[in-house]
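Here the structure comes first, spelled out in structure tokens, and everything after it is commentary.
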Amino acid sequence: HPAAAFLTEEKLRCLVQARRDGKLVEYRAYLTCTYTPPGRRRRRQSQSPEEFRRHQIRALELRERMTTALAKAGFEPTPLLDQGLFELGWRYFNPGARGQRAPRYLKPEAHYPRRVLKRFPYLAQPTLRSQLLGSDLARRWDYLWLSGHFVQILSMGNLPTGYTQGGMVGHLLSLPHLYWLMVDYVHEPYGPALRSLMAQARRLYSATGDTGGLTDYTDPTVRVGFKEVDEALSHMSETGTHVYRVGLSLLLLHSGEDGVRQGIQEARAAFTNLPSVQPILETAGLLTQFIALAPCSGQKNERMFLTLQENAADFFPLDAPWRGSSRPVSLMWNRWDSLTAIDPFDPRSSNWNGVVIGGSGSGKTFLMQMLLGDLLREGADVMLVDRGYGYKPLVELFGGETIPIEPGSGVSINPFELPEGASIPDDQRKGFLLAVLRAMLPSEGGVTASLENAILTSAIGQVYAVAEGAPITLSTFAE
């Protein structure tokens, strides 16, 4: 239909322009695992081929375990190979090219000594660093300049007080800006973590100076700290729970300095949904933190806090925009500034029934008009039952027909009319007609509902048997 084609072209033009302006964001989730080989080694000391293969096998085993666990939890994990890992780092260091396809990773085929490269420089191959950094990186006091974007980092400065709750970091995901949300977990071995807490409890207990009540004034923070550590020790001893170090940082990017500062203010407001957490704007250690937060850097967040695994799990972001169906019939702009693909007849759905709920003026009719317009573009047949004529402009635009069903309009619906070719109603139709008649006829005193149903069901069968295909209306039943 020409109207559907015009609306589709305008919608696509609007979405393409919004993406160019940075108003349309694509959400991606990456889970990286850092495996540290056992034993200490001097910096820049290389491993033998046998050691490298042994550690590589161990790292691949860990990745397989994580993939299996995520699949059991309902996710669809996709292990990243060399090109995928390179693209992950490339997108981090080149935010200005996020709408472009990442370049192909050139794996070095040979390594030459420096003295050879000085004499024959043409033998030098591009390093991983030169392939990742496609633009300049400038350091300022409280922001970085990278790939045409201002960069600022806001980090969690302390653990939430009281109780944590699942999904509490979801507000950070709804920021209308380009950003990276980094959540770091470092598992502390159970034995050393338990001994560390016991040593900390002894130090705090000694600091309280508890000698039977004859003591001087004690700093209340010491008493509170001892109580928290003592409760953590009791919980670990009873349940065997583990301990993690957790870090939470938001890396915000914007093409303008005013925009990134406004985004930081909005991020501060989102951080207030974490109980009593004070966000810290990185300044002196900004560059160090930026490198530490980079994917696959092997480093951890500069601000890490010790907490039990039940609390650490609540830092995992549970809220995320739904990508929708794999076959998009209609593209909808959601509240996360991204797209949701909707297919009302997705074969993966358990059924094709749906309902749209919202308050007055929330956009229910507008949403359905967009969806119906896209369905009409695909050649679908659409029937609307509308009380307020809110869809009349859509019907006129697509050359449809409006049939008013109201007193005096000359148009009515006969519920007793059967489909073409049928003379006797089936069981489903009989149940519908019974419900219609029960809604019209009042209940007689002293007659049970089961007896009334039996009488009406018998009457339905007799009326259609006597009519022999003749038109039947309510008056036929009355006679």
In sequence, state the C-alpha distance, the side-chain angles, and the governing distance for Phe271 and Leu172, and then conclude on side-chain contact (heavy atoms from CB on, under 4.5 Å). CA-CA 7 Å; Phe271 261 98; Leu172 296 174; 3.8 Å; yes

Exceeds 12 heavy-atom contacts within 6.0 angstrom, atom OH of Tyr35: yes

What distance separates Arg327 CZ from Arg348 CZ, expressed to the nearest 0.5 Å? 12.0 Å

For the atom pair OH (Tyr143) and CG (Leu253), what is the distance rounded to the nearest 0.5 Å? 14.0 Å

Are the side chain of Ser130 and the backbone of Pro126 linked by a donor-acceptor contact shorter than 3.5 Å? no

I'd like to know if Arg303 and Glu282 make a salt bridge, using a cut-off of under 4.0 Å between side-chain N and carboxylate O. yes

Can you find a heavy atom in the side chain of Trp333 that is under 4.5 Å from one in the side chain of Thr340? no

With a 6.0 Å cut-off on the ring centroids, do Phe150 and His254 count as close? no

Would you check if Leu367 and Lys364 make a side-chain contact, meaning some heavy-atom pair closer than 4.5 Å? no

Checking the side chain of Gln83 only, and the main-chain atoms of Pro103 only, is there a donor and an acceptor separated by less than 3.5 Å? yes

Check the pair Val169 / Asp314 against side-chain contact (heavy atoms from CB on, under 4.5 Å), numbers first and verdict last. CA-CA 8 Å; Val169 301; Asp314 290 338; over 6 Å; no

Identify the two heavy atoms, one from Pro344 and one from Trp352, that lie closest to each other, and give their separation to 0.1 Å. O-CD1, 3.7 Å

Any donor-acceptor pair under 3.5 Å linking the side chain of Ser297 with the backbone of Leu293? no

Over all atoms of both residues, closest heavy-atom pair of His171 and Ala270: O-CB, 3.9 Å

Worked verdict on Phe93 versus Phe290 for ring-ring contact (aromatic ring centres under 6.0 Å, His included): CA-CA 10 Å; Phe93 290 105; Phe290 176 74; 5.8 Å; yes

Note, Thr164 side chain near Pro275 side chain (heavy atom, < 4.5 Å): no

Salt bridge between Arg261 and Glu257, side-chain N to carboxylate O under 4.0 Å? yes

Where Phe398 and Gly373 come nearest, the two heavy atoms and their spacing: CZ-CA, 4.1 Å

Heavy-atom count around Arg54 CZ within 6.0 Å, excluding the residue itself: above 12? yes

Which value, rounded to the nearest 0.5 Å, describes the distance between Leu175 atom CG and Ile264 atom CD1? 9.0 Å

Could you measure the distance from the CG atom of Asn311 to the CZ atom of Phe305? Nearest 0.5 Å is fine. 14.0 Å

For a side-chain contact (heavy atoms from CB on, under 4.5 Å) check, start with the C-alpha distance between His149 and Leu178, then their side-chain angles and the critical distance, and finish with the verdict. CA-CA 10 Å; His149 284 72; Leu178 179 64; 4.2 Å; yes

Determine the minimum heavy-atom distance between Met168 and Leu274, stating which atoms define it. O-CD1, 3.5 Å

Going by atom types only, do Glu310 and Thr241 share a side-chain donor-acceptor pair under 3.5 Å? yes

Taking the six-membered ring for Trp, are Tyr30 and Trp180 parallel (under 30°), tilted (30 to 60°) or perpendicular (over 60°)? parallel

Quick check: do Leu339 and Asn334 have side-chain heavy atoms less than 4.5 Å from each other? no

What distance do Leu286 atom CG and Arg139 atom CZ have between them, rounded to the nearest 0.5 Å? 5.0 Å

For a quick test of reading the model, state the closest non-hydrogen atom pair linking Gln369 to Gly390 and the distance between them. NE2-O, 3.2 Å

Do other residues, nucleotides or ligands put more than 12 heavy atoms under 6.0 Å from the CD atom of Gln428? no

Check the surroundings of atom CZ in Phe6: do more than 12 heavy atoms from other residues, nucleotides or ligands lie under 6.0 Å from it? no

Going by heavy atoms in the side chains, are Leu375 and Phe345 under 4.5 Å from each other? yes

Indicate the atoms forming the closest heavy-atom contact of Tyr391 with Asp386, along with that distance. N-OD2, 3.2 Å

Give a yes or no on whether the backbone of Pro328 and the side-chain of Ser325 come within a donor-acceptor separation of less than 3.5 Å. no

Check: Asp346 side chain, Gly324 main-chain N or O, donor-acceptor pair, under 3.5 Å: no

Between Glu378 and Val329 (side chain of the first, backbone of the second, donor and acceptor by atom type, cut-off under 3.5 Å), is there such a pair? no

Distance-only polar pair, side chains of His242 and Glu188, donor-acceptor under 3.5 Å: no

For residues Tyr105 and Trp90, determine if any side-chain heavy atom of one lies less than 4.5 Å from a side-chain heavy atom of the other. no

Flag the pair Val243 / Leu308 as yes when at least one side-chain heavy-atom distance between them is below 4.5 Å, and no otherwise. yes

Would you say the side-chain atoms of Asn94 and Ser147 include a donor-acceptor pair closer than 3.5 Å? no

Should Arg429 and Asp426 be marked as a salt bridge (Lys or Arg N to Asp or Glu O under 4.0 Å) after you check the CA-CA gap, both sets of side-chain angles, and the distance that decides it? CA-CA 5 Å; Arg429 189 74 176 186; Asp426 56 14; over 6 Å; no

Taking side chain as C-beta onward, heavy atoms only, is Phe316 less than 4.5 Å from Tyr185? yes

Between atom CG of Leu154 and atom CD1 of Ile280, what is the distance when rounded to the nearest 0.5 Å? 9.0 Å

Who passes side chain to side chain contact (heavy atoms under 4.5 Å, CB included) against Met304, sequence neighbours left out? Asp184, Val186, Arg245, Lys300, Asn301

Met156 and Ser249: CA distance, side-chain angles, deciding distance, side-chain contact (heavy atoms from CB on, under 4.5 Å) verdict: CA-CA 6 Å; Met156 180 177 66; Ser249 293; over 6 Å; no

